[in-house]
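Structure first, commentary second.
Naming: A, B, ... by sequence-line order, numbering from 1 per chain.
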Amino acid sequence: MSRIVTFVGVVLILVTIGIPIYWPLKTSLSPPEEVWEVGIPKNPTLSNYIDILSSEIPKGRMSEVVGTFTVVSPSALNPLKNSILVATVTVALTLIVSSIAAYNLARFSYRGKRFVSLFVLFAYIFPPFILMAPLMFILSKIGALNNLIALSFVHLAYTVPFSTYMLRGYFLSVPRDLDEAAYVDGCSRLQVFRKIIMPLALPGLVTVAVFSFVMSWGDVVFSLVVLQTGENFTLPLYASSYLWGWEITDPGGLSALAVIAGMIPVILFLSIQKFVRMGLLAGAVKA
Amino acid sequence: MPTGLSPTFVGLENYKEILGLPELYVSLQRTFTYAFIAVLIKAVFGLGVALLLNQEFRGRGFLRGIAIIPYALPPFICAILFWFVYDYRGTGNIILETFGLNSIHWLGYDHAMFSVILVNVWHGWPFFFLGFLVGLQAIPVELYESAVVDGASSIQKFRHITLPLLKPVFFIVCGLSLMWTMGDFVIPWFMTGGGPLDATLTIPIASYKLAFLTRLDIPLASVYNVTVLPVYLLLIYYIVKKLEVGT
């Protein structure tokens, strides 16, 4: 009896996860005339991937697919590069800022520290959409609109509170005795931080890096405000150009784009699977 | 670029305008519908999967890995996946037809809210699964063993051991998810853009539209944000209090 329940449950999970993923996977390997057919592609082809990643999309093929509309879209190569740049810079900045902030919360005690830790939590759950209008105002004042590096700095609003909160937990798990021993041996505070705490918290740093990368990779809210011209678009903004009046213009290209853009976060998450469970709740659940 | 005129002091004019704006009331109602239904479904499904994958069987580790894929995919990718499901020729209608039902316009006025909720549920349930799994694993096995000795049935064990001990995790996970679902901009934006006819106009979408699309009026949008802020602040207050106990 319980084996049947388990089996049915497992099938249900696989079907639920599988259905939305299967279609773009299949479509990305199909030639244009088969994109809306069910089943596995009869003439599998990689041309969708090659087309969106080559520097120019053959216009004939696009207009064929779209029918009456001719949508000339530049390739996905440039948005892909932009997304990688923004996410990488975000990860680097996040690691620097949040490790120092977390060290502060884990090792110092001062008046008002409780308020600071609560404020980090507050920033972690604060809904980012409220920041859109003020962000526009601030960035236009300092002339940083439409700048990819500025976008990385803006992404710190997502990544730093979360990373600080999580790294604090990892730093706290490093015994203070180790610090003391190093101080006795004549290490400075900075040396203790660099040579003892950071290496021991390495799993935490890797997890934080992955989460920050994926948060930045998937950001739409801030990219919509900051990025204004096509050559600076990141993947999410570029993906909208595959819709024409809410109709998909190039299913093959769009699905190839979704596979490429989705593969990276999935691989990153699965490779640190062990830590993801702790990471998601940021050490909050001690039940 | 809508930088507009230099700011002039208008007193409470903007507040007067925002309270007379139908978008305010529509968006509040849509947001509560969206968030509460989505969180309810996610919680039930996530709990089910967590209970299932807490059982011992072959392939459990593999399934636990697979189960985080929807959460690992950023929301905009999930939205793209569901563009294919909701297309008139897409997976959704193919499934309806195999069950002998008529095709529907998934993102039409009548079904849009339900369809957008479904995308959010598909993306968000693994968060509940992971949270509940951590909670389940923290329950000592001895409790179940002694319950068996006392002759408890599995339903009784679930009712009197699992549920009460899962309660703290349950409130944190639901609170966080409720917050994020109420602040979710990406999924409604990519699926419908708030339409058709404001059917999925949640608060984040309404705020964006006031500032950057329909009104191009950043001060008005800010006033709108301030007006809805108490809803979010109350929730944040509740969650931070719960989280602080945990640390």
Side-chain angles (χ1 to χ4, degrees), chain A residues 2 6 9-10 13-14 16-17 19-24 27 36 38 118 121-122 125-130 132-134 136-137 140 145 214 217-218 220-221 224-225 228 235-236 239-240 243 246 248 251 254-255 257-258 261-262 265-266 268-270 273 276-277 280-281 283-287, chain B residues 1 3 48-49 52 55 57 63 65-70 72-78 80-85 87 89-91 94 107 122 127 130-131 133-135 138 165 168-169 172 176 179 182-183 185-186 189-190 204 207-208 211 218 221-222 225 229 232 236 239-240 243-244 246-247:
Chain A
S2 76
T6 309
V10 168
I13 295 171
L14 288 177
T16 309
I17 299 171
I19 284 179
I21 293 178
Y22 149 77
W23 193 272
T27 307
W36 292 109
V38 198
L118 283 181
L121 272 181
F122 175 81
I125 24 186
F126 195 75
F129 80 89
I130 291 185
M132 288 171 107
M136 180 73 179
F137 189 70
S140 66
L145 280 175
V214 176
W217 189 257
V220 174
V221 175
L224 266 178
V225 176
Q228 321 235 311
L235 285 171
S240 331
L243 286 191
W246 301 107
I248 302 170
L254 179 64
S255 52
L257 181 75
V266 169
L268 283 174
F269 261 99
L270 289 183
Q273 213 197 108
V276 168
R277 232 170 292 158
L280 279 178
L281 299 174
V285 179
K286 291 231 171 97
Chain B
M1 195 190 66
T3 41
V49 176
L52 184 76
Q55 236 90 323
F57 60 91
L63 269 173
I66 294 284
I68 62 170
I69 288 180
L73 288 169
F76 87 91
I77 309 263
C78 297
I80 296 177
L81 298 186
F82 275 84
W83 286 351
F84 287 97
V85 175
D87 191 284
R89 300 152 286 184
T91 329
I94 291 173
L107 296 173
W122 189 82
F127 177 71
L130 291 163
L133 194 63
V134 173
L165 287 174
V169 180
I172 289 177
L176 280 173
M179 188 69 212
M182 284 179 60
F185 174 82
V186 182
W189 179 251
F190 265 74
S207 163
Y208 178 78
I218 290 189
S222 309
N225 288 346
L229 200 57
Y232 291 91
I236 293 180
I239 300 165
V240 167
L243 278 175
E244 206 198 4
T247 42

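Counting heavy atoms from C-beta on, the side chains of A/Ile125 and B/Tyr232 never come closer than 4.5 Å. B/Ile69 is not listed as a side-chain neighbour of A/Phe269, based on a closest heavy-atom distance of 4.5 Å or more. Counting heavy atoms from C-beta on, the side chains of B/Met179 and A/Pro127 come closer than 4.5 Å. When side chains are defined from C-beta on, A/Trp23 does not count as touching B/Phe82, because their heavy atoms never get closer than 4.5 Å. For the pair A/Phe129 and B/Asn225, the minimum side-chain heavy-atom distance is below 4.5 Å. Looking only at side-chain heavy atoms (C-beta outward), B/Phe190 and A/Pro236 come within less than 4.5 Å of each other.
Rounded to the nearest 0.5 angstrom, B/Ile66 CD1 and A/Leu270 CG are separated by 7.5 Å. Distance CG/B/Leu63 to CG/A/Leu14: 5.5 Å, rounded to 0.5 Å.
Contacts of B/Ile77 with chain A are made by side-chain atoms alone, with heavy-atom separations under 4.5 Å and no backbone atom involved. Heavy-atom distances place the side chain of A/Val225, and not its backbone, under 4.5 Å from chain B. B/Ile80 touches chain A through its side chain: at least one heavy atom from C-beta onward sits under 4.5 Å away, while N, CA, C and O do not. Heavy atoms of B/Leu52 lying under 4.5 Å from chain A belong exclusively to its side chain.
With chain A as partner, the option from B/Leu229, B/Val49, B/Leu81, B/Ile239 having the largest number of non-hydrogen pairs under 4.5 angstrom is B/Leu81. Counting heavy-atom pairs under 4.5 Å between each of A/Ser255, A/Ser240, A/Pro134 and chain B puts A/Ser255 at the top. Chosen from A/Leu235, A/Leu254, A/Ile21, the residue pairing most often with chain B at heavy-atom distances under 4.5 Å is A/Leu254. Counting heavy-atom pairs under 4.5 Å between each of A/Val10, A/Leu268, A/Val214, A/Ile19 and chain B puts A/Val10 at the top. Contacts with chain A were tallied for B/Pro75, B/Pro204, B/Pro74, B/Gly183; B/Pro204 has the most, counting heavy-atom pairs under 4.5 Å.
Contact between A/Thr16 and B/Trp122 at its shortest, heavy atoms only, is O-NE1, 2.8 Å. Here the closest non-hydrogen pair linking B/Phe76 and A/Ala261 is CZ-CB, 4.4 Å. Here the closest non-hydrogen pair linking A/Pro265 and B/Ala72 is CB-O, 3.4 Å.
Annotation: B/Phe84 is not in aromatic contact with A/Tyr22 [ring centroid separation under 6.0 Å not met].
Proximity of a side-chain donor or acceptor of B/Trp83 to a complementary backbone N or O of A/Pro251 within less than 3.5 Å is not detected.
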